[in-house]
There are 2 protein chains.
Amino acid sequence: MTPVHLPDRFGGVRLVAVSTNTIRRFSIYRRLLLPLLRDGRTRICSHEIAALAAVGAAQVRRDLMSLGSTGASGRGYDIQRLVESIGTVLDGDTPQRAALVGLGHLGRAILNHFNGRRPNLAITAAFDVRTDRIDRVILGCRCYHLDALPKVVAEEGITLGILTVTTGAAEDVATRMIEAGILGILNFAPIRLRIPRQVHIENLDMTTFLETVAFFARP
Amino acid sequence: MTPVHLPDRFGGVRLVAVSTNTIRRFSIYRRLLLPLLRDGRTRICSHEIAALAAVGAAQVRRDLMSLGSTGASGRGYDIQRLVESIGTVLDGDTPQRAALVGLGHLGRAILNHFNGRRPNLAITAAFDVRTDRIDRVILGCRCYHLDALPKVVAEEGITLGILTVTTGAAEDVATRMIEAGILGILNFAPIRLRIPRQVHIENLDMTTFLETVAFFARP
DNA sequence: TGTTGTGAATCTCTTCACAGCT
DNA sequence: AGCTGTGAAGAGATTCACAACA
């Protein structure tokens with residue numbers, strides 16, 4: 001779906017199309033590979049990744065194909081190399097920074113969840129409009145008034161926005177984010193944002209998830 | 001994908017296959033229809049739903065087909081009827097109850113998010129192992145020690161579990177949930193649970209979402 | 001005229017199956 | 001013997017396009 005430039009095995013560059021689903025699975029693969037790497041494992045085969053990720057082995061091999069030839073026939077994949085290759089795709093060559101807007105329960109939970117975990121992808125600033133939530137450090141993150149968004153985004157080179165405000169405020173805050181130059185938004189508010197241009201929106205609607213489980217788990 | 005029994009327009013019962021994606025969209029459609037209904041709107045056409053939900057109009061009509069004939073050619077859909085029909089599919093005929101395990105930041109955020117919103121789908125009990133988090137009421141929800149899970153699940157007829165514990169504890173807690181008789185789990189821990197049987201798992205991995213936005217929003 | 005309901009076509013994603021490498 | 005990489009087949013989801021309807 002989306003074209004990506006990847007180094008090939010000869011030091012050149014390949015252009016590959018990668019689908020959203022594959023990107024999601026890359027994120028999953030990497031996360032389950034990292035602990036194995038720390039435990040000293042060096043090689044793994046597609047079947048084992050498949051079992052850990054709860055997908056098919058052919059699916060895993062198909063996904064890993066778009067990383068360029070990283071496996072060795074008959075011997076599986078080198079975990080270290082796999083993690084690096086996935087990193088090349090997911091992380092790109094420059095670290096990215098995110099701004100979180102909305103310091104309610106959910107916003108704090110997310111700060112807490114991501115804090116200090118990944119150096120390539122950190123939430124470096126948070127915003128709200130309530131005075132008791134700004135001009136201080138919450139869970140290791142500096143908090144500003146929403147009006148400071150354009151300034152801080154520009155100064156820190158922030159490219160991502162995390163939207164954890166109420167439904168009513170979401171549309172307005174999204175617009176402000178985009179005006180400030182943000183390129184992608186992770187939206188927790190239960191509405192579909194109407195966006196002007198080529199900004200990427202990922203909707204994470206917890207209610208939809210809960211209703212979906214409820215449906216499939218009916219007695 | 002999954003067969004559902006629905007009332008047809010003659011008072012009989014139809015058996016229709018509904019895919020996961022359609023279920024997710026039903027949840028979205030209903031949420032955007034409810035405010036319109038409260039504003040006194042009575043009719044809506046597929047194009048308008050499509051615009052609000054950010055999907056195609058043909059997609060909307062295709063989805064609504066599985067509700068049985070609810071639209072009227074040339075005049076759109078009756079919103080009231082639509083909401084009821086979607087409710088028939090999503091809510092079934094009995095209310096469902098959920099138990100949340102893990103009263104950290106994320107657990108509290110979720111309690112806060114769902115509290116009192118939907119009568120058909122409520123979190124009626126929460127669990128943890130830390131003594132400062134149990135035997136009290138947090139955000140309107142009664143909190144118990146994890147050991148009380150089987151008892152409370154049985155007494156209250158709980159069918160759903162929400163998993164907001166650490167990665168290390170997730171597998172064990174999921175097993176306990178299933179042993180207690182829970183039929184579906186909404187898992188926020190960033191691992192793929194290995195589940196014995198026909199329990200439905202929905203994984204909501206925030207890191208995967210953030211990494212996905214980061215990928216598609218690269219400068 | 002404007003809109004639904006739907007067969008058919010298209011597009012996308014997943015799985016199969018096996019040649020080729022180690 | 002065991003595993004990767006991949007063309008081809010299969011399954012699934014989306015979109016097109018239009019007849020039937022109000």
Side-chain angles (χ1 to χ4, degrees), chain A residues 1-4 6 8-10 14 16-29 33 41-79 81-82 85-86 192 212 216, chain B residues 1-4 6 8-10 14 16-29 33 41-79 81-82 85-86 192 212 216:
Chain A
M1 197 168 188
T2 297
V4 191
L6 290 176
D8 67 15
R9 75 199 86 170
F10 312 113
R14 302 189 318 140
V16 194
V18 185
S19 78
T20 308
N21 287 358
T22 298
I23 293 297
R24 294 220 163 93
R25 284 189 297 264
F26 278 159
S27 169
I28 293 165
Y29 299 159
L33 290 173
R41 283 278 308 269
T42 57
R43 309 197 66 80
I44 192 168
C45 73
S46 61
H47 294 80
E48 196 171 351
I49 299 177
L52 292 168
V55 301
Q59 181 77 83
V60 172
R61 292 200 300 279
R62 179 72 64 191
D63 287 336
L64 298 186
M65 267 178 65
S66 48
L67 298 175
S69 229
T70 45
S73 292
R75 330 228 292 101
Y77 300 83
D78 182 281
I79 299 180
R81 181 115 64 102
L82 219 43
S85 300
I86 293 174
R192 309 308 256 202
T212 306
F216 286 106
Chain B
M1 195 166 188
T2 298
V4 191
L6 289 175
D8 68 13
R9 75 200 86 172
F10 311 113
R14 301 190 318 139
V16 194
V18 185
S19 79
T20 309
N21 287 358
T22 298
I23 293 298
R24 293 219 163 92
R25 284 191 295 266
F26 278 158
S27 170
I28 293 166
Y29 298 158
L33 289 173
R41 284 278 307 268
T42 56
R43 308 196 67 81
I44 192 167
C45 72
S46 61
H47 294 79
E48 196 171 352
I49 299 177
L52 293 168
V55 300
Q59 181 78 84
V60 172
R61 293 201 299 279
R62 180 71 63 189
D63 287 335
L64 298 185
M65 266 179 65
S66 48
L67 298 176
S69 230
T70 44
S73 293
R75 328 228 295 100
Y77 299 84
D78 182 282
I79 299 180
R81 181 116 63 104
L82 220 43
S85 301
I86 292 174
R192 309 310 257 201
T212 305
F216 286 105

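Within every chain, numbering begins at 1; the chains are lettered A, B, ... in the order of the sequence lines, protein sequences first and strands thereafter.
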>> Regarding Thr22(A), tell me which of base, sugar-phosphate or nothing describes its non-hydrogen contacts under 4.0 Å with the strands shown.
In response: nothing
> How many Å lie between CZ on Arg25(B) and P on dG12(D), as a whole number?
Replying inline: 16 Å
> Rounded to whole angstroms, how far apart are CD1 on Ile23(A) and P on dT12(C)?
Replying inline: 16 Å
> Of the nucleotides dT3(C), dT6(D), dT4(D), which has the atom closest to the Met65(A) side chain?
Replying inline: dT6(D)
>> Looking at Ser46(B), I'd like to know whether one of its side-chain N or O atoms comes within less than 4.0 Å of OP1 or OP2 on dT3(C).
In response: no
> Do Leu82(B) and Ile49(B) come within less than 4.5 Å of each other through their side chains, counting heavy atoms only?
Replying inline: yes
> Can you name the nearest heavy-atom pair linking Ile79(A) to Arg41(A), along with the distance?
Replying inline: CD1-CB, 3.7 Å
>> Please list, in numerical order, the residues of residues 50-58 of chain A that have a heavy atom closer than 4.0 Å to any atom of DNA chain D.
In response: none
>> Please report the distance, rounded to the nearest Å, between OH in Tyr77(A) and P in dT22(C).
In response: 14 Å
>> Could you report the tightest heavy-atom contact between Arg25(B) and Val55(B), atom names first, then the distance?
In response: CD-CG1, 4.1 Å
> Can a donor-acceptor pair be found between the side chains of Arg81(B) and Thr70(B) at a distance below 3.5 Å?
Replying inline: no
> Asn21(A) side chain N/O closer than 4.0 Å to the phosphate oxygens (OP1, OP2) of dT14(C)?
Replying inline: yes
> Ser46(B) versus Leu64(B): any side-chain heavy-atom pair under 4.5 Å?
Replying inline: no
> Can you tell which of dT4(C), dA13(D), dT6(D) lies closest to the side chain of Arg61(A)?
Replying inline: dT6(D)
> What's the shortest heavy-atom distance between Tyr29(A) and Ala53(A), and which atoms?
Replying inline: CE2-CB, 3.9 Å
>> Quick one, Arg43(B) and Asp78(B) - any side-chain contact, counting heavy atoms below 4.5 Å?
In response: yes
>> Without decimals, in angstroms, what is the distance between Asp63(B) CG and dT6(C) P?
In response: 14 Å
>> Once you apply a heavy-atom cut-off of 4.0 Å, does Arg43(A) come out as touching a base, just sugar-phosphate, or nothing?
In response: nothing
> Between Arg75(A) and Ala72(B), which is nearer to the 5' end of DNA chain D once each is assigned its nearest nucleotide?
Replying inline: Arg75(A)
> Can you check the Asp78(B) CG to dA22(D) C1' distance for me, whole Å?
Replying inline: 16 Å
> Looking only at heavy atoms, what is the nearest atom pair of Phe26(A) and Asp63(A), with distance?
Replying inline: CZ-O, 3.4 Å
Between protein and nucleic acid, restricted to nucleotides 8-11 of chain C and to nitrogen or oxygen atoms under 3.5 Å apart, what atom pairs and distances do you find?
unit_1	atom_1	unit_2	atom_2	d
dA8(C)	N6	Arg62(B)	NH2	3.2

>> For a quick test of reading the model, state the closest non-hydrogen atom pair linking Leu67(A) to Ser85(A) and the distance between them.
In response: CD2-O, 3.8 Å
> When you measure from the side chain of His47(A), which nucleotide among dT14(D), dT4(D), dT22(C) comes out closest?
Replying inline: dT4(D)
> Nearest heavy-atom pair of Leu33(A) and Ile86(A): which atoms, and what distance?
Replying inline: CD1-CD1, 4.4 Å
>> Side chain of Gln59(B) only, heavy atoms from C-beta on: which candidate in dT4(D), dG5(C), dT15(D) is closest?
In response: dT15(D)
> Between Leu64(A) (CG) and dC13(C) (C1'), how many Å, whole number?
Replying inline: 16 Å
> Whole-Å distance between dT4(D) C1' and Leu82(A) CG?
Replying inline: 12 Å
